[in-house]
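Computed from a prediction, not measured in an experiment: that's the story for all the values here.
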Amino acid sequence: MNERIRNQFANLNPFDFKHISPLKNIENFNNVDPSVVIASPNGRQSGLSRQLFEMWCSDKKNAGVIPGYVVEGTLAKTIINEPKEVTVMNGLTGPLNMQVHYISFSAHVDFAQTSTFLKELMPPNIILVHGEANEMGRLKQKLITQFADRNTKIISPKNCQSVEMYFNSEKMEKAIGRLAEKTPKIMALDDLHVFSQLSTANISQRITISYSGAIGVLKNRQKQMFESVESLPDEESEGPAFRVHERLTVKYKSEKHISLHWRSYPISDMVLDSVVALVLNISHEILKVVVESGEATKTKEENNKKAEKVIHALLVSLFGDVKFGENGKLVISVDGNVVHLDKQSGNVESKNEGLKERVRVAFRRIQNAVKPIPLSVS
């Protein structure tokens, strides 16, 4: 509140009204003079509103006003239809002689506002949720009548009911400004020199980095990150070299330097960044170990074992009870439901289809995270 209102508290409380006073409980209510009581809850299931209703419902001089939406099954919903008798809190029935009035008062939009909004958007799909079933049905029928001349799908799903929506995959390019004065033409990059006077060119780049470690160490580190790491013949590369992800060539120039060669392209640039980061990391560790072929195989087996441990730990964090079963399978138990997971093939078996799909998706994502990046992603 602002300073002017705060200063008024010294002389007079602006919220201390002459004819309005708070009512904390029914015991403090003087039921003698005519009065208007604003009480909650609106459904009259319990609380002060229920107590006042049972006190006044038998006298035809009294009236009750129900503002806004009331839930099905509540006392307020029952008395809107003005029955002759109602059930009170002690289980007995009593006469309903008071007047009952319903006023539509809500912070939500009504049909007129909703239909106006939908006319502006004109969506292909309209899903009606969060409402009383009968009212939602009436709204759905009105919208079907309103959008009868358009191909609009109107759905009113029940709780937990899945809904499928289909969208057109058409793509549109808009020309703006001076380009819009002429009809723009779109063509593949390889056809540019055929249908125009323009030509394309590849930019080959090279960078030299300080590196005093063994080329075998660097190669095996790359195999942990990328699936495709191939050695190149010495006569082709003029020395020890290998290609990463079919996009980057690493050449061993001297005992203190290596050179990286690639053609400029977004994916190639990302591969370069990862290789450079790895080289700098190895140089910081000051590794000078020559990895022989037998040691390379051993390192690969160790990496596979580490990957299996990581996969098992992540599955435990997601599902809790994960044990090793027969034939190398994992047995996952969740709330009495059992899932059998084959780590080699990725096959999942379970009677619970929902849990089966969760395990299958989780296992696939974990595998993609711990395994080297496959060549197919580029």
Side-chain angles (χ1 to χ4, degrees), residues 188-190 192-193 199-314 343-344 346 363-378:
L189 184 63
D190 297 337
L192 191 62
H193 70 283
S199 60
T200 60
N202 293 318
I203 301 177
S204 298
Q205 302 188 69
R206 180 184 65 184
I207 184 174
T208 301
I209 305 177
S210 298
Y211 177 72
S212 56
I215 190 69
V217 173
L218 181 58
K219 181 179 177 181
N220 281 279
R221 286 291 187 90
Q222 295 297 334
K223 286 183 177 180
Q224 297 177 14
M225 183 173 296
F226 297 98
E227 188 177 64
S228 176
V229 179
E230 301 176 353
S231 299
L232 298 178
D234 291 346
E235 57 272 12
E236 178 181 337
S237 57
E238 299 178 357
F242 59 89
R243 190 182 302 276
V244 179
H245 215 61
E246 295 186 355
R247 293 185 176 275
L248 177 73
T249 301
V250 181
K251 295 184 178 181
Y252 195 70
K253 303 297 292 184
S254 66
E255 294 183 356
K256 295 184 178 180
H257 298 89
I258 59 171
S259 62
L260 309 178
H261 305 255
W262 77 101
R263 285 186 177 181
S264 183
Y265 191 74
I267 297 179
S268 302
D269 294 341
M270 288 189 290
V271 174
L272 169 75
D273 291 340
S274 64
V275 172
V276 170
L278 185 58
V279 170
L280 296 177
N281 183 53
I282 295 177
S283 299
H284 179 71
E285 295 174 358
I286 317 177
L287 293 176
K288 293 184 179 180
V289 181
V290 178
V291 182
E292 303 295 339
S293 58
E295 294 176 343
T297 303
K298 182 178 179 182
T299 303
K300 185 176 181 179
E301 293 177 353
E302 291 177 351
N303 291 335
N304 291 335
K305 291 181 180 179
K306 290 180 180 178
E308 289 186 2
K309 290 182 179 180
V310 172
I311 291 173
H312 182 266
L314 291 175
K343 295 183 295 181
Q344 301 299 325
F363 181 68
R364 187 186 72 242
R365 291 178 177 176
I366 292 173
Q367 275 192 318
N368 293 337
V370 301
K371 286 188 175 182
I373 301 174
L375 185 62
S376 57
V377 298
S378 61

Drop me the distance from [X]'s [atom1] to [Y]'s [atom2], to the nearest 0.5 angstrom.
X      : Y      : atom1 : atom2 : result
His261 : Ser268 : NE2   : OG    : 14.0 Å
Ser259 : Arg206 : OG    : CZ    : 6.5 Å
Phe242 : Leu232 : CZ    : CG    : 9.5 Å
Leu260 : Lys253 : CG    : NZ    : 11.0 Å
Thr208 : Lys251 : OG1   : NZ    : 10.5 Å
Leu248 : Arg263 : CG    : CZ    : 13.0 Å

Is any side-chain heavy atom of [X] closer than 4.5 Å to a side-chain heavy atom of [Y]?
X      : Y      : result
Ile207 : Leu272 : yes
His257 : Ser210 : yes
Val275 : Gln222 : yes
Asn202 : Tyr265 : no

*For Asn281 and Ala277, indicate whether the former's side chain and the latter's backbone hold a donor-acceptor pair under 3.5 Å.*
no

_Smallest separation among heavy atoms of Phe226 and His245, with atom names_ = CD2-ND1, 3.7 Å

*Smallest separation among heavy atoms of Gly216 and Asn220, with atom names*: O-ND2, 2.8 Å

_Determine whether Thr200 and His193 satisfy the following criterion, side chain to side chain contact (heavy atoms under 4.5 Å, CB included), listing intermediate values before the conclusion._
CA-CA 7 Å; Thr200 60; His193 70 283; 5.7 Å; no

*Residues, nucleotides or ligands: over 12 heavy atoms within 6.0 Å of Arg364 CZ*: yes

*Passing option when Tyr211 is tested against Leu280, Val250, Leu218 for side-chain contact (heavy atoms from CB on, under 4.5 Å)*: Leu218

